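To start, the structure itself, in C-alpha cells.
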Protein chains: 2
Amino acid sequence: MAQGARPRIGERREQILDVALKLFAEHGIQQVTTRRIAQAVGISQPSLYAHFRTSDEIAIELCCRGFTRLHDRLTHASAEAGTPEERLRRLGEEYVRFGLDHPAVYRVAFMVDQPTGRIPEPSPVLAAGLRAFGVLLALFQEVRDAHDETTAALAQSTWASMHGLVALLLVRHEFPWVGRERLIALHLGRLCAHAFEDA
Amino acid sequence: MAQGARPRIGERREQILDVALKLFAEHGIQQVTTRRIAQAVGISQPSLYAHFRTSDEIAIELCCRGFTRLHDRLTHASAEAGTPEERLRRLGEEYVRFGLDHPAVYRVAFMVDQPTGRIPEPSPVLAAGLRAFGVLLALFQEVRDAHDETTAALAQSTWASMHGLVALLLVRHEFPWVGRERLIALHLGRLCAHAFEDA
DNA sequence: TCCGTCACCCTATCACTGATAGCCTATCAG
DNA sequence: CTGATAGGCTATCAGTGATAGGGTGACGGA
C-alpha cells in the first residue's frame, strides 16, 4: 500500500486531529465516524486507536486546544489599552468571533456533555476551560480590585451571556434572527454597559 | 407473551414518550438507545417504529412539547401584574427554573443540533420555539410600544443571556460555579435592570 | 552484520446500534 | 364470519466503536 515515506513520530496524530476538525466543521460532530476520519487520513479505522485510546479522545484533544486558542485571543484582547469597558468589549468581540469562526471547536468545547465522571478527576478539559475563563475573571478582579465571590459571580454571569448568544446562533440557525452583526453589537453593548457594577 | 389488555389507540405512543423522557433525564440523551426505550416500555425494539418513523422523532416530539410547556409557563409569568421589570424578572425566573428542572427537555429543545435540512421546511420544532420566544418578544413590544427591529433585537439578546446561563449550568456542571441561586439572582438582576433601554 | 525494539499499520472480528421485511394477533364495525 | 386496522413479534441488515493478533520498516547497540 505504498508504505514509503512514513510520517514522523507524532505527525500522524496531528494529521488526524486536523482532518477530524475539518470533518467536524463540515458535517457536524455527530455525523463524523471513526471510519470517515480514517478514510480521510488514508489509514485503516483501527489504526486510529494507535494514536487515541477512544474516539472521544480526539474531540477532547480538540476541545483543549480550542480553549487554549481562545485563551490566547482573550488575553490579547484584554491586554490592549483602554477603559475597562473598552477592554471588556474587545474581549467580548473576540469571544463571539471565535465561537462563530470555529463552530466545530466551540461546539466541542462548550456544547458537548462531558462523559459524566468517566475521565478520572483532573479533567484536562476543565483545566483548559478554567484558564480561558481566567482571563475574563482577571479583568473583573483588576477593575473591581477585589477577589470576592461577587466579582466571580459577575464574571460568570458575563461569560454566560456571551456564551448564550454564540450557542443560540450556532444551534438555532433556522431561527429568524435580526441581522447577526446588529445583534452582536447590541448584545455586547448592553453586556459591557454596566458590567462592573455590583448587583 | 401475555397479550391481554392491550393499550388503547395512541396510549402506547404516550407511554413511549414518557419513558424516553425519563431515560433521557437519567442517563443522558446520547446513552439512550431504542432498545433501552423498548425494554423499559416492555415491547420489542422494532415495535417503536410503529409509533415513530425514526428514533429522532421521539426527541423531536419531546422537544415540541417542551417548548409548549415553556410557553405556558412564560405566558403565566409575564401576565402577572407589576412593572415591566418585575414581569420580565418573573419571566426570567420561570425560564431558568424550567431549564434546570427539566434538563432533558431543555437539552433536546435548545442544545441538540437540528438535523440540517432533513425535516422538510415547516419545522414543528421551530414553530414551537417561536411561540415560546413570542412571549418574551410580546413583553418587549408592549413595554416599548414598538414592533421594530431594535425591539426584536433586545428580546433576542435577552433570550440569549438567559439561555447562556442555563446551558452552561447544565453542560459544565464540573465548573466551580459560585452558589447557583446567587448566580441566578445576580444574572437576572443585571439582565432586567436596563432591559428595555434602547442600545 | 545481526537482533531487538519501536512506531506504525493491517485484516478479521466483536458487540451493539438504528432500521427494515415479513408475518402474527387482538379488536371491532359491517 | 369477515375484512380492516392497530399493534406486536422474530429475523436480519448495514454501519458503529472497539479489540485481538500479527506484519513491516527504520534504527541503534553489540
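Residue numbering restarts at 1 for every chain, and letters A, B, ... go by the order of the sequence lines. What you see is a predicted model, and the numbers here were worked out from it, not measured in a lab.
- Computed from coordinates, the B/Phe52 CZ to D/dA6 P distance equals 15 Å when rounded to whole Å.
- Sorted by first and then second residue, the ring pair (Phe, Tyr, Trp, His ring centres under 6.0 Å) pairs involving residues 44-69 of chain B (not counting sequence neighbours) are B/Phe67-B/Phe110.
- Distance CG (A/Leu23) to P (D/dT16): 13 Å, rounded to an integer number of Å.
- Proximity of B/Ser47 to the phosphate of D/dC9: a side-chain N or O atom is located under 4.0 Å from OP1 or OP2.
- Between A/Arg13 atom CZ and C/dC8 atom P the separation is 11 Å, expressed in whole Å.
- The nearest whole Å value for the distance from the OH atom in B/Tyr49 to the C1' atom in D/dT12 is 14 Å.
- Between A/Arg65 and A/Glu14, at least one side-chain N (NZ, or NE/NH1/NH2) sits under 4.0 Å from a carboxylate O, which counts as a salt bridge.
- Ring geometry for A/Phe196 versus A/Phe140: interplanar angle of 30 to 60°, hence tilted.
- Minimum atom distance to the side chain of B/Thr54 is reached by C/dA19, of the listed C/dG18, D/dG7, C/dA19.
- Listed by residue number, the members of residues 35-46 of chain A with any heavy atom below 4.0 angstrom from DNA chain D are A/Arg35, A/Gln45, A/Pro46.
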A/Gln45/A/Thr34 under side-chain hydrogen bond (donor to acceptor under 3.5 Å, both in side chains): CA gap, chis, key distance, verdict: CA-CA 6 Å; A/Gln45 179 256 351; A/Thr34 53; 3.3 Å; yes
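- Distances shorter than 4.0 Å separate some side-chain N or O of B/Ser55 from OP1 or OP2 on C/dA19.
- Between A/His51 atom NE2 and D/dA18 atom C1' there is a gap of 16 Å when expressed in whole angstrom units.
- Whole-Å rounding puts the A/Glu57 CD to D/dA18 C1' distance at 13 Å.
- One N or O on the side chain of B/Arg36 and one on the backbone of B/Gln31 form a donor-acceptor pair closer than 3.5 Å.
- Across all strands shown, C/dG30 pairs with D/dC1; the Watson-Crick or G-U wobble distances both stay below 3.5 Å.
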Going by atom type alone, with no hydrogens or angles, which donor-acceptor pairs under 3.5 Å involve a side-chain atom of residues 76-85 of chain A and a protein atom two or more places apart or on another chain?
{"unit_1": "A/Glu80", "atom_1": "OE1", "unit_2": "A/Arg90", "atom_2": "NE", "d": "3.2"}
{"unit_1": "A/Thr83", "atom_1": "OG1", "unit_2": "A/Glu86", "atom_2": "N", "d": "3.1"}

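- Considering only heavy atoms from C-beta on, B/Leu70 comes within 4.5 Å of B/Tyr95 through its side chain.
- Taking atom NE2 on A/His27 and atom P on D/dT16, their separation rounds to 13 Å, with Å as the unit.
- Rounded to whole angstrom, the span from the CD atom of B/Gln31 across to the C1' atom of C/dC16 amounts to 13 Å.
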